[in-house]
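Below, read A as the first sequence line, B as the second, and so on, with proteins coming before strands; counting in each chain starts at 1.
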There are 2 protein chains.
Amino acid sequence: MPLFVNAVFCQNCSKKQNLFQFLTDEETNYINEHRHEVKFNRGETIFKQGGALTHIACVTTGFAKVYIEGVNKKNLLLKILRPTEMLAGPGMFNDFRHYYSVNAISDVTACFIEVEAIMEVVKQNSVFSIEFIKWVNQRGIRYFEKLINLTQKQMPGRIADVLIYLSKEVYENDKFTVNISRQDIADLAAMSKESAIRVIKEFKVSKVIKCEGNDFEILDFPALQKVSQTG
Amino acid sequence: MPLFVNAVFCQNCSKKQNLFQFLTDEETNYINEHRHEVKFNRGETIFKQGGALTHIACVTTGFAKVYIEGVNKKNLLLKILRPTEMLAGPGMFNDFRHYYSVNAISDVTACFIEVEAIMEVVKQNSVFSIEFIKWVNQRGIRYFEKLINLTQKQMPGRIADVLIYLSKEVYENDKFTVNISRQDIADLAAMSKESAIRVIKEFKVSKVIKCEGNDFEILDFPALQKVSQTG
DNA sequence: AAATAAGATTGATAAATGTCAAGTAAGTTA
DNA sequence: TAACTTACTTGACATTTATCAATCTTATTT
């Protein structure tokens, strides 16, 4: 009996990336033959910056944080990955190394697909290749936003952005319980954890949010948006 | 006689992007039929953020600055474009809008190619599509570097990065004369122009660089690199 | 050449942010 | 339960950075 049992075939996988809907049955089978599923415990490293990029990954269950290991042991947290999101860093088609690290912030199941297989279907299927470029460019747009948010806004604006991001895109609820630390929140907003804590407290006393430990609730969304925009 | 005369055909163009070497003669001809050359005067806008992305552009002569128009009228300068560099922003294959503005900092000649034509060859030519993804990912790696440089380094480190960038990648010389303003340098380093001027002066008095007006010279490159790394 | 305008520089000051140290809370191990 | 570890929080303080105003330089116009 094999150590890893693939629960499903790509063909009828409910956790499939949108991207893969553009493949033919044959291509889907091909991908299926070049993938395997891995389970990670919370805290474990999924990708390590600098390591070889031999596979791309799709998170099927659980959450993970994607971060760049920068200077002076500081991390910049790029995003929180959710189920059905794909990991295919910019090292692809270049030096095939990881330009960020990925760490499970809950137990995680992920499908690993060999990059060679992805390259093969990019070559074969022109619709897929267009959609792949689209996906990469969408990510590029996000980096632009992050660049502006982090370099042109002051701390309250940056924390407002993080709270909006967590509420709207990660936990999809006004009320949410984070599975990331205060340090992670600080790394999302590119500031010290003490500063992050202080700004969060300010939002708390001004009744913009409610926050007890890891439980957050957005009370005044328009106010948050305003802070985000004014910087 | 037409208003714009195409000086050359893509086929034997000496200013051709590396990317286009992967096209067949037929595809090159196809691109040639869907391109036109435009001359810009210094200071003129080549692409405007928010505008429709109908063409990609290749700079054949002159320099241009690429910048995001951010919050509170602040700009973030992404890069200085040189001859033979290509402009194909992340709006491509998405909403087909420009996510940055591009402005000529000298007289500029540029080839404009219809995006539809590019999409067509991406679809037709799998080598080209791989190379195109490679190109987009290279840009992504640059954004990562920029994100780290701008969010995790203090002003001396950021200005050091800018000086290294200008010397090594833009003007390709230890000695160079910039055709950008102090404000532009500040926008490259995400700080106020006064701060940029002060840091440049510090480098000057500590004999790391020589600087008279727009004439720069790197005197102690290792020192610059050290400042860049320590942040 | 004088007048004007735009950009560059400097100094003084205020605001923003990080660091350090101490203390608290909460969870984990013995 | 107690000891211990880890993360979180707070306050005091130092450092970094931006802002504002004045001056200087350089280029452009008249």
Side-chain angles (χ1 to χ4, degrees), chain A residues 41-43 65 70-77 103 105 149-162 177-205 209-216 227-228 230-231, chain B residues 41-43 65 70-77 103 105-106 149-163 177-205 209-216 227-228 230-231:
Chain A
N41 297 316
R42 177 178 183 165
K65 60 181 179 186
V71 293
N72 300 129
K73 298 266 170 197
K74 276 183 285 200
N75 295 331
L76 181 69
L77 226 156
N103 198 283
I105 55 175
N149 290 346
L150 297 184
T151 62
Q152 301 192 335
K153 292 181 187 177
Q154 297 185 174
M155 296 196 301
R158 306 212 294 274
I159 288 292
D161 283 330
V162 169
T177 303
V178 299
N179 43 15
I180 57 175
S181 66
R182 293 292 193 267
Q183 182 66 61
D184 289 329
I185 292 175
D187 290 344
L188 270 169
M191 64 182 68
S192 72
K193 82 174 166 303
E194 291 93 334
S195 291
I197 288 167
R198 271 183 261 264
V199 175
I200 288 170
K201 190 177 186 185
E202 273 170 40
F203 286 155
K204 220 165 113 179
V205 300
I209 63 167
K210 226 157 63 172
C211 170
E212 292 290 323
N214 289 332
D215 299 323
F216 286 77
V227 176
S228 160
T230 54
Chain B
N41 297 316
R42 177 179 183 162
K65 58 181 180 186
V71 293
N72 299 128
K73 298 267 171 197
K74 274 182 287 198
N75 295 331
L76 181 69
L77 224 155
N103 198 284
I105 56 175
S106 70
N149 290 346
L150 297 184
T151 62
Q152 301 192 335
K153 293 180 186 176
Q154 297 186 344
M155 296 197 301
R158 306 212 295 274
I159 289 292
D161 283 331
V162 170
L163 291 173
T177 302
V178 299
N179 43 14
I180 56 175
S181 68
R182 293 294 192 263
Q183 183 65 60
D184 290 329
I185 292 175
D187 289 344
L188 270 169
M191 66 183 68
S192 71
K193 84 175 166 303
E194 292 93 334
S195 291
I197 288 166
R198 271 183 261 264
V199 175
I200 288 170
K201 191 178 185 185
E202 274 169 41
F203 285 155
K204 220 163 114 180
V205 299
I209 64 167
K210 228 156 64 173
C211 170
E212 292 290 323
N214 289 332
D215 299 323
F216 287 77
V227 175
S228 161
T230 55

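Checking N214(B) against T177(B) by side-chain atom types alone, no donor-acceptor pair falls below 3.5 Å.
Atom CD of residue Q152(B) and atom NZ of residue K73(A) lie 12.5 Å apart, to the nearest 0.5 angstrom. One distance of note links OG of S106(B) with CD1 of I180(B); it measures 12.0 Å at 0.5 Å rounding.
One interatomic measurement links the two molecules: NZ of K73(A) to C1' of dT19(C), which rounds to 19 Å at whole-angstrom precision. Distance K153(A) NZ to dA15(C) P: 23 Å, rounded to the nearest Å. As a whole-Å value, the separation of L150(A) CG from dT17(C) C1' is 15 Å. Atom C1' of nucleotide dT26(D) and atom CZ of R182(B) are separated by 12 Å, given to the nearest angstrom. The separation between D187(A) atom CG and dA7(D) atom P is 13 Å, rounded to whole Å. Atom CD1 in I159(A) sits roughly 10 Å away from atom P in dG18(C) (whole-Å rounding). Computed from coordinates, the N72(B) CG to dA18(D) C1' distance equals 13 Å when rounded to whole Å. At whole-Å resolution of the value, CD in Q183(B) and P in dT26(D) are 20 Å apart.
Side-chain atoms of R198(A) and base atoms of dG11(D) include a donor and an acceptor less than 3.5 Å apart. Remark: the E194(B) side chain and the dC20(D) base include a donor-acceptor N/O pair separated by less than 3.5 Å.
A distance-only check finds a donor-acceptor pair linking the side chain of R158(A) to the backbone of A189(A) [under 3.5 Å].
The phosphate of dT17(D) (OP1 or OP2) has no side-chain N or O of S195(B) nearer than 4.0 angstrom.
Nearest nucleotide to the side chain of Q154(B), out of dT17(C), dT16(D), dT9(D): dT16(D). Distances from the side chain of K193(B) to the nucleotides dT10(D), dC8(D), dT9(C) place dT9(C) closest. When each of dT10(D), dT17(D), dG18(C) is scored by its nearest atom to the side-chain atoms of I197(A), the top-ranked nucleotide is dT10(D).
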